[in-house]
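Convention: sequence-line order gives letters A, B, ...; per-chain numbering from 1.
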Amino acid sequence: MRTHYAGDLRPGHVGSRVTLCGWVEARRDHGGVVFIDIRDARGLAQVVLDPEQLPEAHRLRSEWVIRVEGSVRERPAGTVNLELPTGEVEVVVDTCEVLSEAEPLPFPIDDRPGGEGAVDEALRLRYRFVDLRRPRMQANLRLRSRLALAVRQAMEDQGFVDVQTPTLTRSTPEGARDFLVPSRKQPGTFYALPQSPQLFKQLLMVAGLDRYYQIATCWRDEDLRADRAYEFVQLDAEASFVGAEEVMAFIEVAVAAGIEAVTGTRPTEFPRMTWHDAMDRYGSDKPDTRFGMALVNLTDLFAASEFRAFAGKTVVGLRLPGGADTPRNRLDAWTDRAKALGGGGLVWMRVEPEALDSPVAKFLSEPEQKGLRDGLGAEPGDLALLVADDDQRLAQTVLGALRLEIGAEVGARPTSLAEPLNLVWVTEFPLFEKLSDEGRPVPSHHPFTAPHPDDVLGLEDDPLGARSLAYDLVVNGVELGSGSVRIHDRELQQRIFALIGIGAEESQARFGFLLDAFRYGVPPHAGFAFGIDRLAMVLAGEQSLRDVIAFPKTQSGADPLTGAPAPVDDRQLRDLGLRAAPPPD
RNA sequence: GGUCCUGUGGUGCAGUUUGGAGUGCACGCCGCCCUGUCAAGGCGGAGGUCGCGGGUUCAAAUCCCGUCAGGACCGCCA
């Protein structure tokens, strides 16, 4: 049907007879001559039509699909367009066929500068097939494809075997809400879509696969965010007879290969940071290390303070260099934000040569004021921001979140997520995140994560103090993924289950098949998974996962294109032994 | 479950704070003119339940209440 891609035409094609197929990107009808920019998957080329010979040239409209035949020639002197890769040539058309007419598009698809204002996202999703014609979206999908290929190749090169695991399975203990699929053969029972292939990959280790990987879709029925989708895609991997170091090395190779395939530059630095340090210095377990404004723990300084908002609480602060001239309404907005994040408030102090200018300065003693300046390294002209709370984690995360937002606002944090790329491993996560309402420890990762060997003995005495052999990979404040060394000892596994309140009966019912498998010779193993969507989002410089997913859902979980989710026939429900409850009032 | 932002011709915006005729800008669309354009240009034109419902008022895009949709965030979750 065609001989060349329009976007490929170069001076070397001059004299060739070509046939191009594509969409009408633009038409410039001069009456006596008509220029058409024809767009295909590789780019644009200008074709020239003579209406005397081809009267239908006047009929052509934007986004019609056409096929043209003609010969390539150099553009006449003075008419070369250096903005276009194909701008030195044009095609003189002698045959033009309309393959498909098109109605005017529901919204413009050019990404050229000057077109301020993003098209409403619901409209984009309703007409996603149009939206995906935009160069930016095309680039994102192609970027994602290159990324996935490079990651896959890197895993193959390292001896990993691609094994597909079921999508209709049983709930895995990942802690999120499952998507359920009713069984027809056994009414009243349900499959679950996997939150991850966790148990299967461990079984593959027992099976002796040694090194497994898969680009796997995972489903979690939790509320959506810019960086969270119901269904997301991970590079999932597991290996036997290895520990954390080996797994991290495997993943570094895969991530580096993926990044290199997209950016052309292979990252070499994968620094480490303990979870404790990340929380202390960045107020987050996924630190953006591309800029300063690090948190400083000032708790000891104010332990016995006269200022009741600080005394005996965790007090964390950060220094905003040159921030003393921040207008009051900004400070108030930041304070409101701190409250919205769950903090009690935000204390600000303008650092002056001899004093601190702040509503609370009068409550702080001379040594406290000096200690604060020294602790933060504050210079005159800086602004100090402090958060205090009984809950250390809360104080840190509130200021950590403000650090990101204020850092972006004042220009300290790079605007684009795509560069520079600061990868960092966060290690030594706590084994348990908190106590549940029933007073049971809640696993930070999942219940198969191995405790840090130094903390195994005291597990029952101080569960919240126990570290794990879990590690996260973070880039620019985005959690790419996480992994851990797994428990391969039945006795230790039972201890963990007992600790988190899963009795022998329940553990046998829910994942007895894994525990059983462990009776038959289980190798020590460890693994990891990282989000392909997330990495693609970062590398594309996008703020939302939806912009690297071809057909994403809205925040309320709907797909405006297909109309999903939708009611089904009573017949379908009957077959499944289901009855829809009346909608709640 | 909660907080906040947004909703005005096909698209993106202004207009809403301080109620007074659907007023405006850019793009797109339709017609005519035009032989070297590059988002062509010129002239003319069409196109609106101001998301929806209710209330206040002599009068509502504008104020109030409710609701729907989209988005950001908290909870939740990776």
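At whole-Å resolution of the value, CG in A:Leu105 and P in B:rG12 are 13 Å apart. Between the CG atom of A:Leu193 and the P atom of B:rA78 there is a distance of 16 Å, given to the nearest Å. Rounded to whole Å, the distance from OH on A:Tyr230 to P on B:rC76 is 17 Å. Straight-line distance from the CZ atom of A:Phe530 to the P atom of B:rA78: 18 Å, rounded to whole Å. Computed from coordinates, the A:Gln555 CD to B:rC77 P distance equals 17 Å when rounded to whole Å. Distance, A:Glu63 CD to B:rG10 P: 19 Å, rounded to whole Å. The CG atom of A:Asp29 sits 10 Å away from the P atom of B:rC32 (whole-angstrom rounding). For the pair A:Asp110 CG and B:rC38 C1', the interatomic distance rounds to 13 Å; values are reported in whole Å.
Residue A:Arg75 is classed as a base contact, given a heavy-atom separation below 4.0 Å to a base. Among the protein residues, A:Asp120 comes within range of the sugar-phosphate backbone only, with heavy atoms under 4.0 Å from sugar or phosphate atoms but none that close to a base. Across all strands, A:Pro108 comes closer than 4.0 Å only to sugar-phosphate atoms, never to a base (heavy-atom distances). Using a 4.0 Å heavy-atom criterion, one finds that A:Gln46 contacts the bases of the nucleic acid, with or without backbone contacts as well. Residue contacts for A:Thr554: at a heavy-atom cut-off of 4.0 Å it reaches the sugar-phosphate backbone alone, with no base atom in range. Using a 4.0 Å heavy-atom criterion, one finds that A:Glu121 contacts the sugar-phosphate atoms exclusively. Residue contacts shown for A:Leu123 are limited to sugar-phosphate atoms, with no base heavy atom under 4.0 Å away. Heavy atoms of A:Arg73 sit under 4.0 angstrom from at least one base atom. Heavy atoms of A:Glu90 sit under 4.0 angstrom from at least one base atom. Counting non-hydrogen atoms under 4.0 angstrom, A:Asp37 reaches nothing in the nucleic acid. Nucleic acid contact for A:Ala229: base, since at least one base atom lies under 4.0 Å from a heavy atom of the residue.
The backbone N or O of A:Gly7 lies less than 3.5 Å from no partner atom in the side chain of A:Arg42, so there is not a single donor-acceptor pair. The backbone N or O of A:Asp533 lies less than 3.5 Å from no partner atom in the side chain of A:Arg144, so there is not a single donor-acceptor pair. Judged by distance alone, with hydrogens and angles left aside, the side-chain atoms of A:Glu428 form no donor-acceptor pair with the main-chain N or O of A:Ser468 at under 3.5 Å. Not one N or O on the side chain of A:Arg75 forms a donor-acceptor pair closer than 3.5 Å with the backbone of A:Arg73. Side chain of A:Trp219 to main chain of A:Glu231: no donor-acceptor pair is present (N/O by atom type, distance under 3.5 Å, no hydrogens or angles). The backbone N or O of A:Pro76 lies less than 3.5 Å from a partner atom in the side chain of A:Thr79, making a donor-acceptor pair. Looking only at distances, no side-chain donor or acceptor of A:Arg413 sits under 3.5 Å from a matching main-chain atom of A:Phe291.
Set against B:rU11, B:rC38, B:rC30, the side chain of A:Val119 has B:rU11 as its closest nucleotide. Comparing B:rG36, B:rC30, B:rG75 against the side chain of A:Arg228 picks out B:rG75 as the nearest. Of the candidates B:rC38, B:rG70, B:rG36, B:rG70 carries the atom nearest the A:Ala122 side chain, counting heavy atoms from C-beta on. Here the nucleotide nearest the side chain of A:Asp223, chosen from B:rC38, B:rG75, B:rC77, is B:rG75. With distances taken from any side-chain atom of A:Ala226 to the nucleotides B:rA72, B:rC76, B:rC30, the minimum falls on B:rA72.
Nearest-nucleotide assignment on RNA chain B puts the 5′-proximal partner with A:Gly342, out of A:Gly342 and A:Ser444. In terms of position along RNA chain B, the nucleotide closest to A:Gly78 lies nearer the 5' end than the nucleotide closest to the other residue of the pair A:Val233 and A:Gly78.
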Side chain to side chain contact (heavy atoms under 4.5 Å, CB included) between A:Leu431 and A:Ile496, worked out: CA-CA 10 Å; A:Leu431 189 60; A:Ile496 298 287; 4.0 Å; yes

Do A:Phe250 and A:Phe528 pass the ring pair (Phe, Tyr, Trp, His ring centres under 6.0 Å) test, and can you show the C-alpha distance, the side-chain angles, and the key distance before you say yes or no? CA-CA 9 Å; A:Phe250 291 139; A:Phe528 196 82; over 10 Å; no

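For the OP1/OP2 pair of B:rC76 and a distance below 4.0 Å, the side-chain nitrogens and oxygens of A:Lys434 include at least one atom meeting the criterion. Listed pair A:Arg28 / B:rC34 fails the phosphate criterion, with no side-chain N or O lying under 4.0 Å from OP1 or OP2. Within the structure, a side-chain polar atom (N or O) of A:Arg61 is placed less than 4.0 Å from OP1 or OP2 of B:rG31. Taking only side-chain nitrogens and oxygens, A:Arg546 comes nearer than 4.0 Å to OP1 or OP2 of B:rA72. Within the structure, a side-chain polar atom (N or O) of A:Ser556 is placed less than 4.0 Å from OP1 or OP2 of B:rG70. Side-chain N/O atoms of A:Arg225 include none lying less than 4.0 angstrom from OP1 or OP2 on B:rG75. Listed pair A:Gln234 / B:rA78 fails the phosphate criterion, with no side-chain N or O lying under 4.0 Å from OP1 or OP2.
In this structure, B:rC34 forms no base pair with any nucleotide, since neither Watson-Crick nor G-U wobble geometry is met with both distances under 3.5 Å. Pair assignment for B:rG75: none, as no Watson-Crick or G-U wobble contacts are both less than 3.5 Å. B:rA60 is unpaired under the criterion used here, namely a Watson-Crick or G-U wobble arrangement in which both key atom distances are under 3.5 Å. Across all strands shown, the partner of B:rA69 is B:rU6, judged by Watson-Crick or G-U wobble contacts whose two distances both fall under 3.5 Å. Partner assigned to B:rU23 is B:rA14, using Watson-Crick or G-U wobble distances below 3.5 angstrom.
For B:rG41, the base is not stacked against the aromatic ring of A:His30, per a cut-off of 5.5 Å between centres and 30° between planes. Judged by ring centres under 5.5 Å apart and planes tilted less than 30 degrees, A:Phe107 fails to stack against the six-membered base ring of B:rU11.
Nucleotides B:rA21 and B:rC58 place their C1' atoms 15 Å apart, quoted to the nearest Å. Straight-line distance between the C1' atoms of B:rG51 and B:rG7: roughly 6 Å, to the nearest whole Å. Nucleotides B:rU8 and B:rG47 place their C1' atoms 14 Å apart, quoted to the nearest Å. The gap from the C1' atom of B:rU56 to that of B:rG10 amounts to 35 Å, rounded to the nearest Å. Separating the P atom of B:rU11 from that of B:rG48 is a span of 13 Å, rounded to the nearest Å. Here, B:rG20 and B:rC27 have their C1' atoms 31 Å apart, quoted to the whole Å. On the P atoms, B:rU49 is 23 Å away from B:rU6, given to the nearest whole Å. Spacing of C1' atoms, B:rG53 relative to B:rA61, comes out at 16 Å, to the nearest Å.
A donor-acceptor pair shorter than 3.5 Å can be found between the side chains of A:Asn140 and A:Glu542.
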